[in-house]
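Since the structure comes first, as structure tokens, the remarks are kept for the end.
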Amino acid sequence: MSETLEATVAPAAGHSRYTRNNPYLSVVLANYLLTAPGSEKETRHLELAIEEGMTYTPGDAVGIVAENRRQAVDEVLQALGFTGSERVLDHYKVEIDLDEALRTRLAIGKLTRGSVTQMAKLDPDHPRLKSMSGAEGKALAEEYCYGREFVDLATDFPGLIKTPQQLFQVLARLTPRMYSIASSQALHPDNVQTTVRVVRYEAHGRERQGLCSGHLGERSPLGSTMPIFLHANGNFRLPEDPSAPVIMVGPGTGIAPFRAFLEERQATGAKGDNWLFFGEQRRKLDFLYQEQLEAMHKDGLLTHLHTAFSRDQAKKVYVQDRMQENATQLYDWLERGAYFYVCGDATRMAKDVELALLDAIARGSNGTLDHAAEYLAAMKKQKRYQRDVY
Ligand SMILES: Cc1cc2nc3c(=O)[nH]c(=O)nc-3n(C[C@H](O)[C@H](O)[C@H](O)COP(=O)(O)OP(=O)(O)OC[C@H]3O[C@@H](n4cnc5c(N)ncnc54)[C@H](O)[C@@H]3O)c2cc1C
């Protein structure tokens, strides 16, 4: 067995000594744009070094522990009138500077209802804060939190936070962000790759950016370091049988685990058929991994590659439309024992894809939607319908 193939049968991720509380300090080996200038999206490909003994399986995720950016920390210090050199006790009662706490321990990014409720406790008679706290204030608080960060709360309700330590009461802990792994370790033994969409938006008069994706998009040049850990996901796995067909629906960054699946099937010589549905806004600007996917299609690894670029024509077309256009063949594949996978947006895409899948089953089997639901439930039981949506 070759060295690369041995890597595929190594233990699953999570067997390494690195965890979210004890991350590995990785080095950025690659960080480049996948979308072209002019795209409305900013999606990047990242390659992060791992050390010997750190193993992952396609379907797993990598956790990235990002810090709050300098500017965001300074804005909070200024809003509260602190210098940053004040001493505070962190969640483990370790004494550190407030500046470090704001940088590495506290979630000063997107505002949560919990912070509003905690802030209200600091001034129980404050009418506006009172109206937004607890279960009764849920709707008002959600409306207030949308598009806001902690600095907005601190600015809108000045003078309530009197000591730096109170920030540990008001703010949640800074948590790592998860990213689906986009590579097979059989091909890349010493690094892990991801596909990251950088979150940027303007709200309430400020330029905002996602904590972790912003860090990856702006402050992670080649050679810089980043704390990471590998996270196993046993519920998103290629079939054990290498000859089983797989159908993958992964628009946008949802492509990531399917690039890993395809690389794995390529590296191991798996004979099963592979069918990919990919979608984005515009072919010219947003076709992530176009060259690699088209080469896989040409080589026959990808039996079918169906794309849906919603903004390339007057009528928007999505992956679920491509599924419907190919419903007969899709059902044939399912009848042949195909595994069906979905990755990406949980709010709309995953639901629309499930409806298209149910429709294809109902049409293919001349059955009702109730029958299709039973068919899908049986697929789930056999682990032939797996989703990784966020
Ligand atoms: C299992 C799993 C796998 C994932 N895989 C991937 C992946 O492969 N690639 C990927 O890119 N992401 C992936 N994600 C999502 C990723 O973990 C992060 O949630 C994402 O990158 C945003 O994190 P952030 O720290 O950059 O932004 P945050 O600081 O968390 O900010 C994001 C938040 O900003 C707010 N927001 C965003 N846009 C707007 C707007 N226009 N107006 C108002 N508010 C807005 C929303 O509340 C949003 O939740 C995955 C998530 C999970 C759980």
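Read the numbers this way: they start at 1 and go in the same order the structure lists the ligands and their atoms. What you see is a predicted model; the values in this text were computed from it and never measured.
- Defined by atom type and a distance below 3.5 Å, a donor-acceptor pair is missing between the side-chain atoms of Arg113 and Ser115.
- Ring geometry for His304 versus Trp333: interplanar angle of 30 to 60°, hence tilted.
- The protein residues lying under 4.0 angstrom from ligand 1, judged by non-hydrogen atoms, are Lys110, Tyr146, Gly147, Arg177, Met178, Tyr179, Ser180, Thr195, Val196, Arg197, Val199, Tyr201, Gly210, Leu211, Cys212, Ser213, Thr253, Asp388, Tyr390.
- Applying the side-chain contact (heavy atoms from CB on, under 4.5 Å) test to Gln266 and every residue at least two apart in sequence or in another chain returns Leu187, Met296, Leu301.
- Sorted by first and then second residue, the ring pair (Phe, Tyr, Trp, His ring centres under 6.0 Å) pairs with a member in residues 202-222 form an empty list; sequence neighbours excluded.
- When side chains are defined from C-beta on, Leu167 does not count as touching Val88, because their heavy atoms never get closer than 4.5 Å.
- Sequence neighbours left out, the pairs with a member in residues 216-232 that pass salt bridge (charged side-chain N to carboxylate O under 4.0 Å, His left out) are Arg200-Glu218.
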